[in-house]
Amino acid sequence: MEKEKNVISKRKWWFRLLKKIMKIRYKRPAFIYLGEKITNGGVILSNHEGTDAPMSLEIYLDAPIRMWGASEMNSGLKQLYKYQTRVYYHEKKHWNLHLARLFCLIASPLTNMFYKGLNLISTYHDQRFIGTIKESINALRAGENIVIYPEDSTNGYLQELEGFHLGFTALCEVCKRRGMDLPIYVSYFRKSDKVYIIDKPIMYSELSKDGATKEQIADRLRIRCNELGKMQFDELTIKNARKKQKNY
């Protein structure tokens, strides 16, 4: 694993101020590590849980991150409005379509500004995904961690994840060929008790050494993610985790 660097995620001043305001909506979770803390140059896989998991990581995680996000989120206000109304709120969160359109007249301009500050790495379903890989490798080499939400959310954001998309395995494979063996941190945000469980890191080489296919690797990690979500912790463990995080 790469030696820890003193890296600060590049966020503009107005965005850092916005995040402070957003703490009113997104309360600090208890980060419970089952192994090493996240340092630099790794891949973080997480469930999505609406906006709660991404915002919990962005606002409170004590590590530099860059998130993958659907290209529509980085494609300007018009495309974002279409994506939020039909895909995010209607298809994934099961809102009434007309209500989603009305709500996004206000929400989309604010979200568009927020996404610009978040410095997302756009993902695609065509050859432009090569650019996603290149930008991600540059971020990894700079000491940032790549956050990916690989769950198949066709049926919405579920507590029991039904599948993982394979994009993260493509990134890991390219890095492996370039001599970068990435640590992968599987994590699960449990909204009910505001607990973020982060598994001990596993190197990609360990996952692939037995000849497992990308599909098999993705499914193993999906199963592990669901296992994390079912773990129970005593009140003292959660309290101590919150206390440690408040010192950040």
Side-chain angles (χ1 to χ4, degrees), residues 1-2 4 29-58 60-69 121 123 132-133 136 139-140 143-153 157-176 180-233 237-238 241 244-245:
M1 191 178 301
E2 188 174 349
E4 184 176 356
F31 285 95
I32 297 179
Y33 287 89
L34 304 184
E36 303 171 28
K37 288 191 67 176
I38 297 170
T39 54
N40 306 106
V43 172
I44 303 169
L45 304 181
S46 176
N47 64 321
H48 206 291
E49 195 62 69
T51 59
D52 289 85
M55 292 302 94
S56 293
L57 289 179
E58 173 62 27
Y60 297 110
L61 183 66
D62 183 11
I65 59 174
R66 291 283 301 281
M67 297 186 189
W68 278 15
I121 297 176
T123 60
T132 303
I133 299 294
S136 299
L140 288 164
E144 295 181 295
N145 298 283
I146 302 300
V147 179
I148 301 173
Y149 305 94
E151 69 178 281
D152 181 352
S153 56
Y157 297 122
L158 307 175
Q159 291 185 346
E160 184 83 12
L161 310 187
E162 296 180 334
F164 266 13
H165 295 295
L166 304 180
F168 74 92
T169 63
L171 171 61
C172 291
E173 282 287 346
V174 173
C175 286
K176 184 181 176 182
M180 300 169 62
D181 189 13
L182 301 180
I184 297 177
Y185 299 83
V186 180
S187 63
Y188 191 101
F189 177 71
R190 197 162 57 216
K191 187 176 180 179
S192 59
D193 54 359
K194 293 292 189 295
V195 169
Y196 223 128
I197 306 135
I198 300 175
D199 203 4
K200 58 184 178 182
I202 182 168
M203 306 305 293
Y204 183 73
S205 59
E206 285 294 310
L207 291 167
S208 57
K209 69 178 182 180
D210 62 352
T213 65
K214 292 180 180 179
E215 289 80 6
Q216 290 171 329
I217 290 172
D219 202 48
R220 289 175 188 173
L221 297 182
R222 176 194 65 84
I223 291 170
R224 181 56 179 166
C225 189
N226 284 329
E227 289 174 350
L228 296 178
K230 297 173 184 176
M231 288 184 175
Q232 298 299 317
F233 304 93
T237 298
I238 296 175
K244 288 180 181 179
Q245 189 66 17

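Residue indices begin at 1 and follow the sequence shown.
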Identified side-chain contact (heavy atoms from CB on, under 4.5 Å) counterpart of Met203 within the set Pro183, Cys172, Ser208: Pro183
So, the side chain of Arg190 versus the backbone of Ile197: is there a donor-acceptor pair under 3.5 Å, distance only? no
Atom CD1 of Ile146 and atom CE of Met67: how far apart are they, to the nearest 0.5 Å? 11.0 Å
Could you give me the CA-CA distance, side-chain angles and deciding distance for Glu173 and Tyr204, then say whether side chain to side chain donor-acceptor pair (under 3.5 Å) is met? CA-CA 8 Å; Glu173 282 287 346; Tyr204 183 73; 2.7 Å; yes
In Å and rounded to the nearest 0.5 Å, what is the CG to OG1 distance from Leu207 to Thr169? 10.5 Å
Kindly indicate whether the side chain of Leu34, heavy atoms from C-beta on, has any atom under 4.5 Å from the side chain of Met231. yes
pair Cys175-Leu140: side-chain heavy atoms closer than 4.5 Å: yes
Note: Gly143 and Asn40 closest approach over all heavy atoms is O-ND2, 3.0 Å
Which heavy atom in Pro29 sits nearest to a heavy atom in Tyr60, and how many Å separate them? CD-CD1, 3.5 Å
For the atom pair CG (Leu45) and CZ (Phe164), what is the distance rounded to the nearest 0.5 Å? 6.0 Å
So how far is it from Asp219 CG to Lys214 NZ, rounded to the nearest 0.5 Å? 16.0 Å
Does a salt bridge link Lys230 with Glu160, judged by any charged N lying under 4.0 Å from a carboxylate O? yes
Polar side-chain atom of Asn145 near backbone of Thr39 as donor-acceptor pair, under 3.5 Å: yes
Taking every non-hydrogen atom, the tightest pair across Asp152 and His165: CA-NE2, 3.6 Å
Test item: Ser46 side-chain N/O and Tyr188 main-chain N/O as donor-acceptor pair under 3.5 Å: no
Nearest heavy atoms of Pro150 and Phe168, plus distance in Å: CB-CD2, 4.1 Å
Indicate yes or no for a side-chain donor-acceptor contact from Asp181 to the backbone of Ser205 under 3.5 Å, with no hydrogens or angles considered. yes
Does CD belonging to Gln159 count more than 12 external heavy atoms closer than 6.0 Å? no
Mind checking whether Tyr149 and His48 have parallel, tilted or perpendicular rings, split at 30° and 60°? tilted
Once the angle between the rings of Phe189 and Tyr196 is folded into 0 to 90°, is it parallel (under 30°), tilted (30 to 60°) or perpendicular (over 60°)? tilted
Going from CG on Leu228 to CG on Asn47, what distance comes out if it is rounded to the nearest 0.5 angstrom? 9.5 Å
Thr123 and Thr132 have their tightest heavy-atom pair at CA-OG1, 3.6 Å
Give, for atom CZ of Phe31 and atom OG of Ser187, the distance between the pair rounded to the nearest 0.5 Å. 9.0 Å
Which atom of Ile133 lies closest to which atom of Ala170, heavy atoms considered: CD1-C, 4.2 Å
